[in-house]
Structures are given as structure tokens and as C-alpha cells.
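As C-alpha cells, the structure follows; a few thoughts come after it.
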Amino acid sequence: MSNADTPREAKLLPDAIHKVVKPGTALLRLETTHVREGVLDGAWWPRSRDIGAELPSLITALTEHLGPVTRVGLDAGAWEELPTRLIIDDRVVHIDPFPVGDDTVLITRGERDHFSLLVIPPDTNPDAARTALARAVSADNATAEQILIDTGTGQRHPIAAEDP
């Protein structure tokens, strides 16, 4: 049997938690089971609110483990300037801005497979961020907002707060 005849096993993301986390380090954690029953599928801790700087590494990591990402839905008030699309790894990724204030990013793989990730504010202290990353993949069905409140990550949407 050739490699082409071998069925491709679905990739799951690594389950390890980083022991040392520096403030502002971008981290991603996804639920690594085949059953996705929670409100959130994972969490993302970007370094800044500059989507052009942050999104490429997130999309590259997701694509490596999950396949091509076609769309990203973001809270428009939580980010600096949002383009309508970015070219990441030679693929067009469409960006859909929404004024929802729900502390999430929605990732679309293919046409109908969606992942909802908690977005942990960039200036969150490492202990709170680590706790929020773990909570986002637990089965307790907490909302993104509740996880941020419970873990003391505090500040919501600093970009929108700065606008006059």
C-alpha cells in the first residue's frame, strides 16, 4: 500500500502546557478531542492588538494542525485597524469584523467548520493567562466573558476605550 492509499489521520494539537510564559507571548490552546461540545474550542493569547502582526502566526499554527483556514471573525472594537483580508502562507484569509464585544475570535475551516477561541488580552499576567487558557478547553461551558472575569484578566477592549 502506498502512502497515497493510507487514510490520513486527523491531527490533534499538542496537549502540553508551557511551564514558563513570558508576558505578551502569543499562545494557543485548543481542545484536543474529536468531540467538540463546549462553548469554546480553545483560547488565544496574542502579544498585541495589531491583527496584522498577530493573526499570521495563529493561522499558520491552526493550518498546520487543522487544515486551511478561510475566514476569521473578530470583534472590531478589540483590535487596531482591521483589514478585510490578509494573505497568510500564500492563502487569502477573509476577516469579518463584528461589533460584538464577546472576547472571542471565530475561525472557519473549509466552508462550515467553525472554532470559537477565547481571546486573552495581551497585557494579562502569565498566571491569569495560563488559567484562562486551561479554562477555555475545560468542559464547564463557561462563556469567554465569564472566564475573563473569573481569572481576573480584567481589561476588556482597550482599543475601543481609547476612541473619543
Side-chain angles (χ1 to χ4, degrees), residues 8-16 18 21-124 129 132-133 135-137 141-148 153-164:
R8 186 170 180 216
E9 185 177 323
K11 292 183 178 182
L12 299 177
L13 291 176
D15 222 4
H18 299 284
V21 180
K22 296 178 183 176
T25 300
L27 290 176
L28 169 68
R29 179 131 191 229
L30 287 181
E31 184 175 18
T32 57
T33 64
H34 291 286
V35 179
R36 294 169 42 210
E37 296 176 349
V39 172
L40 297 166
D41 297 301
W44 176 40
W45 186 23
R47 295 180 190 104
S48 72
R49 293 285 182 183
D50 177 356
I51 202 64
E54 300 301 324
L55 196 58
S57 61
L58 173 66
I59 298 303
T60 298
L62 290 172
T63 299
E64 180 181 330
H65 294 285
L66 302 175
V69 171
T70 57
R71 298 192 96 70
V72 176
L74 298 165
D75 179 8
W79 297 93
E80 294 170 2
E81 301 173 32
L82 284 179
T84 57
R85 66 182 178 190
L86 289 173
I87 297 176
I88 301 171
D89 298 331
D90 296 324
R91 292 183 182 269
V92 174
V93 177
H94 297 276
I95 299 175
D96 299 321
F98 300 104
V100 293
D102 68 353
D103 305 302
T104 62
V105 59
L106 301 175
I107 304 294
T108 304
R109 173 181 70 172
E111 290 187 29
R112 294 166 44 181
D113 193 10
H114 304 281
F115 294 86
S116 179
L117 305 177
L118 164 69
V119 177
I120 300 167
D123 59 351
T124 300
L133 285 161
R135 267 297 292 286
V137 296
N141 283 324
T143 64
E145 181 179 24
Q146 190 61 51
I147 291 171
L148 293 179
T153 60
Q155 191 174 10
R156 288 185 50 157
H157 312 299
I159 300 304
E162 293 173 7
D163 292 339

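No hydrogens, no waters, no symmetry mates; every other heavy atom, side chains included, goes into these values.
The main-chain N or O of Asp103 is never found under 3.5 Å from a side-chain atom of Glu145 such that the two would form a donor-acceptor pair. Within the 3.5 Å criterion, the main-chain N or O of Ala78 finds a donor-acceptor partner in the side chain of Arg49. Using modelled atom types, no side-chain atom of Trp45 and backbone atom of Val119 make a donor-acceptor pair closer than 3.5 Å. With hydrogens and angles disregarded, no donor-acceptor distance shorter than 3.5 Å links the side chain of Thr63 to the backbone of Thr60. Counting only distance, with no hydrogens or angles, the side chain of Arg91 and the backbone of Pro68 share no donor-acceptor pair below 3.5 Å.
Side-chain atoms of Val92 and Arg85, non-hydrogen and from C-beta on, do get closer than 4.5 Å to each other. Considering only heavy atoms from C-beta on, Ile51 comes within 4.5 Å of Pro83 through its side chain. Two residues are said to be in side-chain contact when any heavy atoms from C-beta on lie closer than 4.5 Å; Asp89 and Ile59 fail this criterion. No side-chain heavy atom of Leu62 sits less than 4.5 Å from a side-chain heavy atom of Phe115.
Smallest separation of non-hydrogen atoms from Leu118 and Ile147: CD2-CG2, 3.7 Å. Closest approach of Gly52 to Pro56, counting heavy atoms only: O-CD, 3.3 Å. Scanning both residues, Ala129 and Thr124, for their nearest heavy atoms gives N-CG2, 3.5 Å. Ala142 and Arg135 make their closest contact through CB-NH2, 3.1 Å (heavy atoms, listed as atom of the first residue, atom of the second, distance). Closest approach of Ala136 to Gly42, counting heavy atoms only: CB-O, 3.5 Å. Closest approach of Ser48 to Trp79, counting heavy atoms only: O-CZ3, 3.5 Å.
Here Asp96 pairs with Arg71 under the salt bridge (charged side-chain N to carboxylate O under 4.0 Å, His left out) rule; sequence neighbours left out. With sequence neighbours excluded, no residue forms a side-chain hydrogen bond (donor to acceptor under 3.5 Å, both in side chains) with Asp50. Under the rule for a side-chain hydrogen bond (donor to acceptor under 3.5 Å, both in side chains), Thr143 has no partner lying at least two apart in sequence or in another chain.
Interatomic distance, Thr84 OG1 to Leu82 CG, rounded to the nearest 0.5 Å: 10.0 Å. A distance of 5.0 Å separates CH2 in Trp44 from CG in Leu58, rounded to the nearest 0.5 Å. Annotation: the span from Leu74 atom CG to Ile107 atom CD1 amounts to 7.5 Å, rounded to 0.5 Å. The distance from atom OG of Ser116 to atom CG of Leu40, rounded to the nearest 0.5 Å, is 5.0 Å.
The only option from Val72, Val69, Thr70 that meets the side chain to side chain contact (heavy atoms under 4.5 Å, CB included) definition with Thr108 turns out to be Thr70.
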